[in-house]
Amino acid sequence: MIIQTDKEIDLYKKAGGIAGLVLEQVMKLVEPGISTKDLDNYAEDLILQKGGIPTFKGYREFPATLCTSINEEVVHGIPSKKRILKEGDIVSIDIGVTLKEEIDGKIRNFIGDTAVTVPCGEISAKLNNLLRDTQKSLYAGIAQARAGANLDAIGGAIEDIANKAAYGLVREYGGHGIGKNLHEEPFIFNYRTNSKIKLKEGMVIAIEPMFNEGGDRVRTKSDGWTVVTQDYKFSAHFEHSLLITQTAAIVLTKRPSEDINE
Ligand code: MG
């Protein structure tokens, strides 16, 4: 889907802004002893208070507002009262916010989708590097995103950072277009595929690299959602939603205190 009007762009910025703001608030709550359900309840209340709708809740029957994926969990972890964060954990927090607005007589969805992986208390230097490098690869992908850019420019920038530190690069999941639905074409690979697809001005996409400290293989647990590394080594995930312009990508889901150039 291509967006063109200033009103549409403003609505994407508003949805993304709520997602970034709520995510930043949730990040501040991460500490030993809090459950992932506590994080989820807080996020849902704040999204609703800001006039948004939790995008993930009910999406393909997903039961929660956040995906919370701890340690060896890669993505799509389900928040639970029984999952209490402890010192040394890392947790990926993924959030989607939808605004429903009437445009030319039709109700339309405007979605912002963003994720970070954060430490709970003190973590090892090695894990700190995993988080730092995964985020760095997201920013490197964003730096390549503009109208006319081939998808391999994004995937290649991410893949190069994973390879340099010999991380396992998750290939089964990746970024996506955003439009009427949360996941639309094109699929944004986190590696080179000899792609013929070029980004167009007005596209909204999400880039979301996932790096593992061990091997690249993942599997889905019996809950049907939670993706884990096959070797149970830890995994990190970062994501932003972007609007593609002629010269660059505008980060729609930037958090209030995030420095994209860090
Ligand atoms: Mg996404």
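Residues take their numbers from the sequence shown, with the count starting at 1.
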Practice task
State whether the side chain of Asn71 and the backbone N or O of Ile90 hold a donor-acceptor pair below 3.5 Å, judged by distance alone.
Solution key: yes
Exercise for the section: Ignoring hydrogens and angles, tell me if any N or O in the side chain of Asn129 forms a donor-acceptor pair with the backbone of Lys126 under 3.5 Å. Expected result: no
Exercise for the section: Output, in order, the C-alpha distance, side-chain angles, deciding distance and verdict of side-chain contact (heavy atoms from CB on, under 4.5 Å) for Ile103 and Leu11. Expected result: CA-CA 11 Å; Ile103 305 264; Leu11 286 164; 3.9 Å; yes
Practice task
Enter the distance from Lys81:NZ to Asn41:CG here, rounded to the nearest 0.5 Å.
Solution key: 9.0 Å
Practice task
For residues Ile95 and Ile47, determine if any side-chain heavy atom of one lies less than 4.5 Å from a side-chain heavy atom of the other.
Solution key: yes
Practice task
Would you indicate whether the side-chain heavy atoms of Phe110 and Val204 approach each other to under 4.5 Å?
Solution key: no
Completion exercise
Taken in chain and number order and not counting sequence neighbours, the residues that satisfy side chain to side chain donor-acceptor pair (under 3.5 Å) with Asp160 are Arg192
Practice task
Could you walk me through whether Ile205 and Ile244 pass the side-chain contact (heavy atoms from CB on, under 4.5 Å) test, one step at a time?
Solution key: CA-CA 8 Å; Ile205 63 165; Ile244 303 303; 4.0 Å; yes
Problem - Co-membership, hydrophobic cluster, residues Leu23 and Phe238, 4.5 Å side-chain - result: yes
Problem - With Tyr232 via ring pair (Phe, Tyr, Trp, His ring centres under 6.0 Å) - residues at least two apart - result: none
Exercise for the section: Rounded to the nearest 0.5 Å, what's the gap from CD1 on Ile53 to CG on Leu99? Could you check? Expected result: 7.5 Å
Practice task
Spell out, as yes or no, whether a donor-acceptor pair under 3.5 Å connects the side chain of Asp231 to the backbone of Gly215.
Solution key: yes
Handout entry: Other cluster members, Val228 - Ile/Leu/Val/Met/Phe/Trp/Tyr, side-chain contacts below 4.5 Å
Key = none
Problem - Nearest non-hydrogen partners of Gly174 and Asn190, listed with the distance - result: CA-ND2, 3.8 Å
Problem - Under-4.0 Å salt bridge between Lys7 and Glu101 - result: no
Handout entry: ILVMFWY cluster, Ile93 and Ile84 together (side-chain gap under 4.5 Å)
Key = no
Problem - Reported CD-to-CG distance for the pair Glu24 and Leu29, which is rounded to 0.5 angstrom - result: 11.5 Å
Problem - Close side-chain approach of Ile207 to Ile158, heavy-atom, < 4.5 Å - result: yes
Problem - N/O donor-acceptor pair under 3.5 Å between Thr36 side chain and Ser80 backbone - result: yes
Exercise for the section: Could you tell me whether a side-chain N or O of Glu87 sits under 3.5 Å from a main-chain N or O of Glu122, the two making a donor and an acceptor? Expected result: yes
Problem - Reported CD-to-CZ distance for the pair Gln246 and Arg146, which is rounded to 0.5 angstrom - result: 10.5 Å
Problem - Expected output: side-chain Asp152 to main-chain Ser195 donor-acceptor under 3.5 Å - result: yes
Practice task
For residues Pro256 and Leu21, determine if any side-chain heavy atom of one lies less than 4.5 Å from a side-chain heavy atom of the other.
Solution key: yes
Handout entry: Arg217 atom CZ, over 12 foreign heavy atoms within 6.0 Å
Key = no
Exercise for the section: For the pair Asp113 (side chain) and Gly96 (backbone), establish whether a donor and an acceptor sit closer than 3.5 Å, ignoring hydrogens and angles. Expected result: no
Exercise for the section: Please answer whether the main-chain N or O of Glu73 pairs with a side-chain N or O of Ser235 as donor and acceptor at a distance below 3.5 Å. Expected result: no
Fill in the blank from the handout: Rounded to the nearest 0.5 angstrom, the OG1-CZ distance for Thr117 and Phe234 is 12.0 Å
Problem - Atom pair CD1/CG of Ile178 and Leu243 - distance to nearest 0.5 Å - result: 10.5 Å
Handout entry: Side chain Thr55, main chain Thr98, donor-acceptor under 3.5 Å
Key = yes
Exercise for the section: Examine Leu242 and Ile18 and state if one hydrophobic cluster contains both, with Ile, Leu, Val, Met, Phe, Trp and Tyr joined whenever side-chain heavy atoms are less than 4.5 Å apart. Expected result: yes
Exercise for the section: Assess whether atom NZ of Lys254 is packed by more than 12 heavy atoms of other residues, nucleotides or ligands within 6.0 Å. Expected result: yes
Practice task
Give the cluster check for Leu169 versus Ile142: same hydrophobic cluster or not, with ILVMFWY residues linked at side-chain heavy-atom distances below 4.5 Å.
Solution key: yes
Problem - For Gly112 against Ser241, the heavy-atom pair lying closest together - result: C-OG, 3.9 Å
Fill in the blank from the handout: Residues Asp94 and Thr114: closest non-hydrogen pair is OD1-O, 3.2 Å
Problem - Side-chain heavy-atom pair His176, Glu239 within 4.5 angstrom cut-off - result: yes
Exercise for the section: Establish whether Tyr191 and Val227 are linked, either directly or via other cluster members, by ILVMFWY side-chain heavy-atom contacts under 4.5 Å. Expected result: no
Exercise for the section: Flag the pair Val91 / Asp89 as yes when at least one side-chain heavy-atom distance between them is below 4.5 Å, and no otherwise. Expected result: no
Problem - Verdict with supporting geometry, Asn163 and Glu159, side-chain contact (heavy atoms from CB on, under 4.5 Å) - result: CA-CA 6 Å; Asn163 287 347; Glu159 182 180 23; 3.6 Å; yes
Practice task
Taking the side chain as every heavy atom from C-beta outward, state whether Thr68 and Arg83 have any atom pair closer than 4.5 Å.
Solution key: no
Exercise for the section: May I ask you to test the Lys198-Leu151 pair for a side-chain heavy-atom distance under 4.5 Å? Expected result: no
Problem - Exercise: identify the closest heavy-atom pair between Ile78 and Asp223 - result: CD1-OD2, 4.1 Å
Handout entry: Trace of the side-chain contact (heavy atoms from CB on, under 4.5 Å) decision for Trp225 with Cys67
Key = CA-CA 10 Å; Trp225 282 106; Cys67 295; over 6 Å; no
Exercise for the section: Over 60° means perpendicular and under 30° means parallel, so classify the ring planes of Tyr139 and His240, tilted if in between. Expected result: parallel
Fill in the blank from the handout: Between Met210 and Glu208 the two heavy atoms that sit nearest each other are CE-O, 3.0 Å
Fill in the blank from the handout: Nearest heavy-atom approach of Tyr167 to Glu213 is CD2-CA, 4.3 Å
Handout entry: Between Tyr173 and His76, ring centroids under 6.0 Å
Key = yes
